Amino acid sequence: QVQPVESGGGLVQAGGSLRLSCTASERSLSSYAMAWFRQAPGKEREFVAAISRSGGSTYYADSVKGRFTISRDNAKNTVYLQLNTLKPEDTAVYYCAAEGAYYSRSYYYSAHEYDYWGQGTQVTVSS
């Protein structure tokens, strides 16, 4: 098993930037495809971005494409999410997740493909 831990959230003005990090102290993340999801109050958890095990492939939700960038540094056992040009509607708790036993790249956007989740980090964007 792996236990992801997120960090880097905070309060930012609209148009600002933030970088989120996800790591695990006891397990390597290099063997897992990883993803970021987010959930705002009263809304369903939604897919944000995903990255393959090697980092060679990335995927984005239409709502963040061109503004957010997912990356990983397996040597540092860390996955990143760079959030640029932030909007108030980006306000949410952001979760890092690692692939489950039956992960399929065809469904990278589905939360059900991921078995291991962090506790989340709050991102708040003021207008």
Side-chain angles (χ1 to χ4, degrees):
Q1 298 185 55
V2 61
Q3 179 61 63
V5 178
E6 307 95 336
S7 62
L11 175 63
V12 187
Q13 291 189 71
S17 298
L18 207 59
R19 188 176 77 163
L20 308 182
S21 298
C22 175
T23 190
S25 61
E26 298 182 2
R27 299 275 184 167
S28 175
L29 298 178
S30 63
S31 298
Y32 299 86
M34 303 293 295
W36 290 92
F37 289 77
R38 67 185 183 186
Q39 187 167 24
K43 298 183 66 178
E44 295 182 357
R45 186 168 299 188
E46 66 174 339
F47 169 76
V48 176
I51 190 167
S52 62
R53 296 165 187 165
S54 67
S57 299
T58 57
Y59 312 90
Y60 297 94
D62 289 342
S63 60
V64 306
K65 193 171 185 178
R67 298 189 298 119
F68 293 5
T69 302
I70 188 171
S71 62
R72 70 191 305 164
D73 187 339
N74 285 338
K76 296 182 178 179
N77 197 35
T78 303
V79 178
Y80 304 97
L81 185 67
Q82 179 69 43
L83 302 83
N84 294 329
T85 319
L86 283 162
K87 305 174 181 178
E89 49 263 46
D90 294 320
T91 295
V93 176
Y94 284 70
Y95 297 92
C96 178
E99 68 169 286
Y102 302 102
Y103 174 81
S104 172
R105 183 178 291 189
S106 297
Y107 300 97
Y108 62 86
Y109 53 84
S110 174
H112 293 103
E113 293 295 296
Y114 304 90
D115 283 354
Y116 310 104
W117 296 79
Q119 295 299 302
T121 186
Q122 177 72 46
V123 172
T124 302
V125 184
S126 62
S127 59

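Residue numbers run from 1 in the order of the sequence given. In this text, all values refer to a predicted model and were calculated from it rather than measured experimentally.
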Do [X] and [Y] make a side-chain contact, defined as non-hydrogen atoms from C-beta onward lying under 4.5 Å apart?
{"X": "Thr91", "Y": "Gln122", "value": "yes"}
{"X": "Leu20", "Y": "Tyr95", "value": "no"}
{"X": "Val123", "Y": "Val12", "value": "no"}

Backbone N or O of [Y] within a donor-acceptor pair of the [X] side chain at under 3.5 Å?
{"X": "Gln39", "Y": "Ala92", "value": "no"}
{"X": "Asn77", "Y": "Ala24", "value": "yes"}
{"X": "Gln13", "Y": "Ser126", "value": "no"}
{"X": "Thr78", "Y": "Lys76", "value": "yes"}
{"X": "Thr58", "Y": "Ile51", "value": "no"}
{"X": "Arg72", "Y": "Ser52", "value": "yes"}

Just verifying a value: how many Å separate [X] [atom1] and [Y] [atom2], rounded to the nearest 0.5 Å?
{"X": "Gln3", "Y": "Leu29", "atom1": "CD", "atom2": "CG", "value": "10.5 Å"}
{"X": "Asn74", "Y": "Ser54", "atom1": "CG", "atom2": "OG", "value": "8.0 Å"}
{"X": "Phe47", "Y": "Trp36", "atom1": "CZ", "atom2": "CH2", "value": "12.5 Å"}
{"X": "Ile70", "Y": "Ser57", "atom1": "CD1", "atom2": "OG", "value": "11.5 Å"}

Would you give me the side-chain donor-acceptor pairs under 3.5 Å for residues 101-113, sequence neighbours excluded?
unit_1: Ser104; atom_1: OG; unit_2: Ser106; atom_2: N; d: 3.4
unit_1: Ser110; atom_1: OG; unit_2: His112; atom_2: N; d: 3.3
unit_1: Glu113; atom_1: OE1; unit_2: Ser104; atom_2: N; d: 2.6

Identify the two heavy atoms, one from [X] and one from [Y], that lie closest to each other, and give their separation to 0.1 Å.
{"X": "Tyr116", "Y": "Val2", "result": "CB-O, 3.3 Å"}
{"X": "Tyr114", "Y": "Ala33", "result": "CE2-O, 4.1 Å"}
{"X": "Val93", "Y": "Gly120", "result": "CG1-CA, 3.7 Å"}

- Which residue, Asn84, Leu81, Leu86, forms the side chain to side chain contact (heavy atoms under 4.5 Å, CB included) with Leu18? Leu86

- Message: With side chain to side chain contact (heavy atoms under 4.5 Å, CB included) as the test, pick out the partner of Ser7 among Cys96, Ser21, Cys22.
- Response: Ser21

Non-neighbouring partners of [X] that pass salt bridge (charged side-chain N to carboxylate O under 4.0 Å, His left out), sequence neighbours left out:
{"X": "Arg19", "value": "none"}
{"X": "Glu46", "value": "Arg38"}
{"X": "Arg53", "value": "Glu99"}

- Which pairs count as salt bridge (Lys or Arg N to Asp or Glu O under 4.0 Å) when at least one residue sits in residues 56-68, sequence neighbours excluded? Arg67-Asp90

- Query: If you draw a 6.0 Å radius around CD in Glu89, do more than 12 non-hydrogen atoms from other residues or ligands fall strictly inside?
  - Reply: yes

- Task: Please work out whether the ring planes of Trp117 and Phe37 are parallel, tilted or perpendicular, with thresholds of 30° and 60°.
- Result: tilted

- Note on the structure: Tyr94 meets the ring pair (Phe, Tyr, Trp, His ring centres under 6.0 Å) criterion, sequence neighbours left out, with none

